[in-house]
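Report on one structure; see the data block that follows.
Below, all heavy atoms of this structure are taken into account, side chains as well, without hydrogens, waters or symmetry copies.
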Amino acid sequence: QVQLVESGGGLVQAGGSLRLSCAASGRTLGSYAMGWFRQAPGKEREFVSAISRSGGNVGYAESVKGRFTISRDNAKNTVFLQMNGLKPEDTAVYYCAADRRLYSAPYYSTKEGQYDYWGQGTQVTVSS
């Protein structure tokens, strides 16, 4: 089992940047594909980005492509989400999640139900 703790959220103006971190404990992070999801008020949780176990494959929701970058440092058991060009519609609670399943290429899932472990979330608020 792995425990996940997100950090780095906050309040930022539109056009600004934030870097979210997800620190893992309990098991080596390299054993999991990792994903970021978000949930805005009154909306369902949605996929944001995912990264394969090695970090060699990444994926993004269309709404964040070109603005967000996911990365991981398995030696430090941490996954990151660099968010640039933030928009008010990016306002949400952001969650990181770990998936222990093995997949064929691209070696991660975009489906919330496939993820086994979740952090508590970190709030991101983008003002206009």
Side-chain angles (χ1 to χ4, degrees):
Q1 189 168 351
V2 64
Q3 292 78 42
L4 304 173
V5 178
E6 302 95 335
S7 61
L11 173 64
V12 64
Q13 289 188 332
S17 298
L18 285 173
R19 189 192 196 202
L20 304 184
S21 298
C22 174
S25 61
R27 288 201 63 180
T28 303
L29 197 62
S31 299
Y32 302 89
M34 298 296 296
W36 285 96
F37 293 77
R38 67 186 182 186
Q39 187 168 22
K43 296 186 177 181
E44 294 187 350
R45 190 155 55 184
E46 64 176 2
F47 169 77
V48 175
S49 182
I51 188 167
S52 60
R53 294 181 177 203
S54 68
N57 292 76
V58 298
Y60 301 95
E62 285 297 324
S63 59
V64 306
K65 198 171 291 184
R67 300 187 296 123
F68 290 11
T69 303
I70 190 171
S71 61
R72 66 190 300 161
D73 184 338
N74 287 342
K76 295 183 177 179
N77 264 10
T78 306
V79 176
F80 304 97
L81 185 68
Q82 177 67 44
M83 305 186 296
N84 298 329
L86 282 161
K87 305 175 181 180
E89 51 264 43
D90 294 318
T91 295
V93 177
Y94 283 72
Y95 300 89
C96 72
D99 181 357
R100 61 188 174 185
R101 295 167 180 78
L102 292 172
Y103 299 98
S104 56
Y107 309 113
Y108 58 78
S109 174
T110 62
K111 298 179 180 180
E112 177 182 354
Q114 297 296 96
Y115 286 79
D116 303 289
Y117 306 106
W118 292 81
Q120 82 290 347
T122 186
Q123 177 70 47
V124 171
T125 303
V126 184
S127 63
S128 57

Quiz item: Applying the 4.5 Å side-chain criterion to the ILVMFWY set and letting contacts propagate, would V124 and F37 be lumped into a single cluster?
Solution: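 In one cluster: no.
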Practice problem: May I ask whether V12 and V48 are part of the same hydrophobic cluster, defined by side-chain heavy atoms of I, L, V, M, F, W, Y residues being less than 4.5 angstrom apart, directly or through others? | Solution: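 Yes; tracing contacts between hydrophobic side chains, which count when under 4.5 Å, links both residues.
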Looking only at heavy atoms, what is the nearest atom pair of [X] and [Y], with distance?
X: Q123; Y: V93; value: OE1-CG2, 3.2 Å
X: L29; Y: A24; value: CD1-CB, 3.4 Å
X: R67; Y: L86; value: NH1-CA, 3.8 Å
X: N74; Y: R53; value: ND2-O, 3.0 Å
X: N84; Y: S17; value: OD1-OG, 2.9 Å
X: M83; Y: L20; value: CE-CG, 3.7 Å

Exercise. Drop me the distance from T110's OG1 to Y60's OH, to the nearest 0.5 angstrom.
Key: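 Rounded to the nearest 0.5 Å, the OG1-OH separation comes to 14.0 Å.
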Within the side chain of [X], is there an N or O that forms a donor-acceptor pair under 3.5 Å with the backbone of [Y]?
X: S54; Y: G56; answer: yes
X: T69; Y: Q82; answer: no
X: T125; Y: L11; answer: no
X: D116; Y: R100; answer: yes

Quiz item: Just checking, is any N or O donor in the side chain of S109 or D99 under 3.5 Å from an acceptor N or O on the other one?
Solution: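 No, no side-chain donor-acceptor pair sits under 3.5 Å.
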Quiz item: Is the closest side-chain donor-acceptor distance between Y108 and Q114 under 3.5 Å?
Solution: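 Judged by distance alone, the side chains do not pair up.
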Quiz item: So with a 6.0 Å cut-off around OH of Y107, is the heavy-atom count from everything else above 12?
Solution: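 At most 12 heavy atoms, drawn from other residues, nucleotides or ligands, come within 6.0 Å of this atom.
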Compare all side-chain heavy atoms of [X] with those of [Y] and state whether any distance is below 4.5 angstrom.
X: V58; Y: S52; value: no
X: N57; Y: I51; value: no
X: S21; Y: E6; value: no

Quiz item: Does the ring of F80 carry R19 above it, NZ/CZ under 6.0 angstrom from centre and within 45° of its axis?
Solution: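 Relative to the ring axis of F80, which defines the angle, R19 lies inside both limits.
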Practice problem: Under the side chain to side chain contact (heavy atoms under 4.5 Å, CB included) rule, what do I70 and V79 come out as? Steps first, then yes or no, please. | Solution: CA-CA 7 Å; I70 190 171; V79 176; 4.2 Å; yes
Self-check item: side chain to side chain contact (heavy atoms under 4.5 Å, CB included) evaluation trace for Q3 with V5
Solution: CA-CA 7 Å; Q3 292 78 42; V5 178; 5.7 Å; no
Name every donor-acceptor pair, under 3.5 Å, that has one atom in a side chain of residues 39-47 and the other anywhere in the protein, sequence neighbours excluded.
| unit_1 | atom_1 | unit_2 | atom_2 | d |
| --- | --- | --- | --- | --- |
| Q39 | NE2 | K43 | O | 3.1 |
| R45 | NE | E112 | OE2 | 3.0 |
| R45 | NH2 | E112 | OE2 | 2.9 |
| E46 | OE2 | R38 | NE | 2.7 |
| E46 | OE2 | R38 | NH2 | 3.2 |

Exercise. Please step through side chain to side chain contact (heavy atoms under 4.5 Å, CB included) for the pair L81 and S49, ending with a clear verdict.
Key: CA-CA 8 Å; L81 185 68; S49 182; 4.1 Å; yes
Exercise. Applying side chain to side chain contact (heavy atoms under 4.5 Å, CB included), run through Y115 and Y32 and close with a yes or a no.
Key: CA-CA 9 Å; Y115 286 79; Y32 302 89; over 6 Å; no
Quiz item: Is the distance between the ring centroids of F68 and W36 under 6.0 Å?
Solution: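 No; W36 has its ring centre 6.0 Å or more from that of F68.
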